[in-house]
Amino acid sequence: MIKTNSKGVERRIKKNIPNSIKKIVLFFVVNKISGMFVQKVFSRSMLGARYNFSLVSPVIASRIFFGLWESAEIRFSKKYVNDGDIVIELGSSIGVTLATLCSTKKLKTYISVEASSSSVQVLKSVVAEFSKCNIISINAAISYSTQTFVEFMETSFTGSRLKNSIENNDTPSAHE
């Protein structure tokens with residue numbers, strides 16, 4: 001759905017719904033069947049943007065469509081990014097924010113940085129869909145470590161983490 005202009009009433013309603021009810025609703029909304037429906041009916045579009053849902057699993061497709069995937073990033077980006085801007089996205093994942101901005105704004109340049117090899121494969125296809133946009137893709141990891149070697153470890157499709165390969169057992173922070 002990616003409708004990013006939700007206001008006070010919707011947020012107040014969501015805030016007052018018990019978590020047990022939210023879990024039940026999510027069970028029916030975010031699942032393989034609803035995702036397959038999204039992939040068939042909304043194959044390349046979501047409200048306010050374009051995204052090729054066939055690039056991801058049905059569950060992820062439904063999470064994107066119903067605004068449960070990168071919704072904060074999308075709201076922030078739509079609010080503060082203007083036509084003609086240069087955008088650098090660190091951790092582009094599967095390109096949902098990229099697709100949203102490139103289909104709603106006339107950007108000067110979009111620099112996409114992603115280290116996860118599985119995410120990069122999806123991201124390449126998303127970038128190809130927006131060939132009229134000036135998109136620079138960088139397949140790399142960022143480290144705050146003082147060490148020169150950083151090993152990228154894939155722990156899930158998008159739950160990637162960086163791990164230092166260090167002899168002195170110095171460990172990176174959770175966000176590295």
Side-chain angles (χ1 to χ4, degrees), residues 1-7 11 30 35 38-39 42-164 172-176:
M1 177 183 303
I2 302 205
K3 188 159 180 135
T4 59
N5 56 358
S6 63
K7 298 294 179 194
R11 289 185 184 171
V30 180
V38 166
Q39 288 175 323
F42 303 97
S43 61
R44 292 196 187 281
S45 66
M46 53 190 167
L47 296 177
R50 286 188 356 244
Y51 191 82
N52 184 349
F53 293 110
S54 69
L55 298 173
V56 296
S57 74
V59 173
I60 292 174
S62 65
R63 289 189 67 186
I64 295 167
F65 184 79
F66 290 109
L68 301 171
W69 189 281
E70 296 187 351
S71 60
E73 292 90 335
I74 291 167
R75 281 192 310 276
F76 179 86
S77 299
K78 282 186 141 186
K79 183 174 182 177
Y80 294 106
V81 173
N82 299 304
D83 290 344
D85 281 353
I86 298 171
V87 174
I88 301 172
E89 183 181 17
L90 304 177
S92 295
S93 182
I94 55 173
V96 175
T97 303
L98 180 149
T100 301
L101 288 177
C102 287
S103 61
T104 60
K105 306 284 183 178
K106 293 180 185 345
L107 301 173
K108 183 174 182 179
T109 305
Y110 195 104
I111 301 169
S112 168
V113 181
E114 179 56 51
S116 163
S117 57
S118 55
S119 293
V120 166
Q121 295 308 311
V122 175
L123 191 57
K124 284 180 183 178
S125 297
V126 173
V127 168
E129 301 247 344
F130 294 97
S131 59
K132 293 182 180 180
C133 297
N134 183 23
I135 301 170
I136 299 168
S137 293
I138 301 170
N139 181 211
I142 298 169
S143 173
Y144 299 102
S145 170
T146 57
Q147 302 299 318
T148 57
F149 177 75
V150 175
E151 178 186 345
F152 181 76
M153 295 184 62
E154 189 82 37
T155 57
S156 70
F157 185 69
T158 58
S160 53
R161 298 284 181 259
L162 292 178
K163 176 183 174 189
N164 284 331
S173 71
H175 296 291
E176 288 189 320

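Heavy atoms only: backbone and side chains are in, while hydrogens, waters and symmetry mates are out.
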Flag the pair Q39 / P58 as yes when at least one side-chain heavy-atom distance between them is below 4.5 Å, and no otherwise. yes
Is there a donor-acceptor contact under 3.5 Å from the side chain of E89 to the main chain of S112? no
Answer yes or no: are there more than 12 heavy-atom neighbours, outside I88 itself, under 6.0 Å from its atom CD1? no
Scanning both residues in full, the closest heavy-atom pair of C102 with C133 reads CB-SG, 3.5 Å
Using atom types as modelled and distance alone, determine if a side-chain donor or acceptor of S62 lies under 3.5 Å from a backbone N or O of V59. yes
As an exercise, state the distance from CG of N82 to CG of L101, rounded to the nearest 0.5 Å. 10.5 Å
S103 side chain to R50 backbone, donor-acceptor under 3.5 Å: yes
Step by step, would you call K105 with D85 a side-chain contact (heavy atoms from CB on, under 4.5 Å)? CA-CA 9 Å; K105 306 284 183 178; D85 281 353; over 6 Å; no
Any chance you could measure I135, atom CD1, to L98, atom CG, to the nearest 0.5 Å? 4.5 Å
Min side-chain heavy-atom separation I94-L55 under 4.5 Å: no
Spacing of K132 atom NZ and K106 atom NZ [to the nearest 0.5 Å]: 10.0 Å
Side-chain contact, heavy-atom cut-off 4.5 Å: N52 with S125? no
Within the side chain of N134, is there an N or O that forms a donor-acceptor pair under 3.5 Å with the backbone of Y110? no
The reported gap from CG in D83 to NZ in K108 (rounded to nearest 0.5 angstrom) is 13.5 Å
Under the side chain to side chain contact (heavy atoms under 4.5 Å, CB included) test against V122, which residue among I60, V127, V56 passes? V56
Where N139 and E114 come nearest, the two heavy atoms and their spacing: ND2-O, 2.8 Å
